[in-house]
Protein chains: 2
Amino acid sequence: MSISSDLSNARRRLPRQDRGARRVAAILQAAAALIVEVGYEAATLTEVAARAGASIGTLYQYFPNKEAVAQALRVQYGDEMAARWTPLVAEAARLGIADLVERLFAVMLGFLAEFPAYLQLLDITVDNRRDPVARNRLREHFALLFRAKQPGLSLKEASRVANVTFQILKSMNRLWTQSSADERRALVKEYKLALTSYLNARLGN
Amino acid sequence: MSISSDLSNARRRLPRQDRGARRVAAILQAAAALIVEVGYEAATLTEVAARAGASIGTLYQYFPNKEAVAQALRVQYGDEMAARWTPLVAEAARLGIADLVERLFAVMLGFLAEFPAYLQLLDITVDNRRDPVARNRLREHFALLFRAKQPGLSLKEASRVANVTFQILKSMNRLWTQSSADERRALVKEYKLALTSYLNARLGN
DNA sequence: AAAGAAGATGAGCATATCCTCAGATTTGTC
DNA sequence: GACAAATCTGAGGATATGCTCATCTTCTTT
């Protein structure tokens, strides 16, 4: 069971030439775009291959199945996300809560503008379970950030506050995607108020 | 297009005998249970029929496809939800924000304990879109509640606060389902703090 | 108890998606 | 330019799921 799922997530072939690396990149990009358009479930690897300008056989040489493609995207996004969090964690202690919330939103909104498939991929369920690796990685980043802001928090508490904060941030996406430009501005303001109020009450000054 | 989607959501045959009504009820119950277990996408109507003790042909006499089954469940849940909100809306004006939040949680947690498939059904996407009927119905209930609490709010504002509140409430489910009993208690406390802080700041005293 | 209406059955056709594989093509190396 | 390794191709086999329909059973009505 664990072995087979390990294998199913592994790359089948690692690209050894430039051509291969470009193919893999094109496939991942096409997959992300298609997932955003039609959703993960409805996205077929045949269509992904076509959009990437590759044959279906080529795709299957690099990825054994759809979940492996999703996993590769998650890893890529996770790396990119980590790169954007790290400086924020270092600054957290110096920032007031309102400023911290501003920065959180800037990072999240910037990231989602660039990688709109991110949240969809996080929410994908395999056997009705979400990917624990990607989840834990994010939670740890958030937890670090809140402990930097307030060292008095226990690890468990920091982790819980991190979870709640991230869930709330994430929940904005649902409304965001179906709003007009004006409504989006108001929505962000509303969510900033919600998070600021919560974190003020929780990490209180 | 709109006609075909209307037809696809319609019941194929309405039960006219007790036996039929019981069959439909059994099918819906089996569908809800299966969806909770394996998720909407992975749930097949063949399996639903088997669990309901019916043949696949019987199921298809009442429902033309899976989406129609989901829609029937949504309608059923929507009715039940409305029945639980209505008394709360009437009381809202008299309650303080902390009490209001307590009641919101009581209603939601009670409902989800009884109908765990509810949120999954709300989040289902058809053609990558969610069901606007079920969404609007809930939003309007929430908006009414906040206007009862504070008549000064514009309809748009009340609707926005309602949306944000519901999204935040909903986001708790993700963490809830994967927590132990102890962690759940702490989680609810955390979310109550978050919502209370937000609504206090928004509807201010 | 007869007849029509409602309900039930499940083998099997239609369709769709996953994924393989034998062979062709391109690239790198000497 | 010759050879090997890497890459690419896409028809089609395997499998899964959606859904139909001819036929049978049960219920209701008179």
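Each chain gets a letter, A, B and so on, in the order the sequences are listed, and its residues count up from 1.
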For DNA chain C, whose closest nucleotide is more 5', that of Ala21(B) or that of Leu45(A)?
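Checking each residue's closest nucleotide, the 5'-ward one belongs to Ala21(B).
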So which one's nearest nucleotide on DNA chain C is more toward 5', Gly57(A) or Leu59(B)?
Leu59(B)
Whole angstrom value for the distance that separates [atom2] of [N] from [atom1] of [X]:
X        : N       : atom1 : atom2 : result
Gln61(B) : dT9(C)  : CD    : P     : 10 Å
Ile27(B) : dA8(C)  : CD1   : C1'   : 11 Å
Glu47(B) : dG18(D) : CD    : C1'   : 15 Å
Lys66(B) : dT17(D) : NZ    : C1'   : 9 Å
Glu67(A) : dT17(C) : CD    : C1'   : 17 Å
Asn65(A) : dT15(D) : CG    : P     : 17 Å
Arg13(B) : dC21(D) : CZ    : P     : 15 Å
Glu41(A) : dT17(C) : CD    : C1'   : 13 Å

Parallel, tilted or perpendicular for Phe142(A) and Phe166(A), by the 30°/60° rule?
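The rings of Phe142(A) and Phe166(A) sit tilted, inter-plane angle from 30° to 60°.
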Should [X] be listed as having a side-chain N or O under 4.0 Å from OP1 or OP2 of [N]?
X        : N       : answer
Tyr62(A) : dC8(D)  : yes
Arg23(A) : dT7(D)  : no
Arg16(B) : dA6(C)  : yes
Ser55(B) : dG10(C) : no

So does Leu95(A) get a backbone contact from the side chain of Asp99(A), meaning a donor-acceptor N/O pair under 3.5 Å?
no
Test your reading of the model: is there a side-chain donor-acceptor pair from Thr177(B) to the backbone of Arg174(B), 3.5 Å cut-off?
yes
Taking the side chain of Ile56(B) as its heavy atoms from C-beta onward, which of dT7(D), dT20(C), dT20(D) lies nearest to it?
dT20(D)
Check every atom of dT7(D), dC18(C), dA8(C) against the side chain of Tyr60(A) and return the nucleotide holding the closest atom.
dC18(C)
Please tell me which of Arg19(B) and Arg19(A) maps to the more 5' nucleotide of DNA chain D, matching each residue to the nucleotide holding its nearest heavy atom.
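In this pair, the answer is Arg19(A).
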Would you mind classifying the nucleic acid contact of Thr44(B) as base, sugar-phosphate or nothing, using non-hydrogen atoms under 4.0 angstrom?
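Touches sugar-phosphate only.
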Quick one about Asn163(A) and Arg160(A) (side-chain donor to acceptor, distance below 3.5 Å, no hydrogens or angles considered), yes or no?
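Asn163(A) and Arg160(A) do not have a side-chain donor-acceptor pair below 3.5 Å.
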Do Tyr198(B) and Thr165(B) have side-chain atoms, one donor and one acceptor, less than 3.5 Å apart?
no
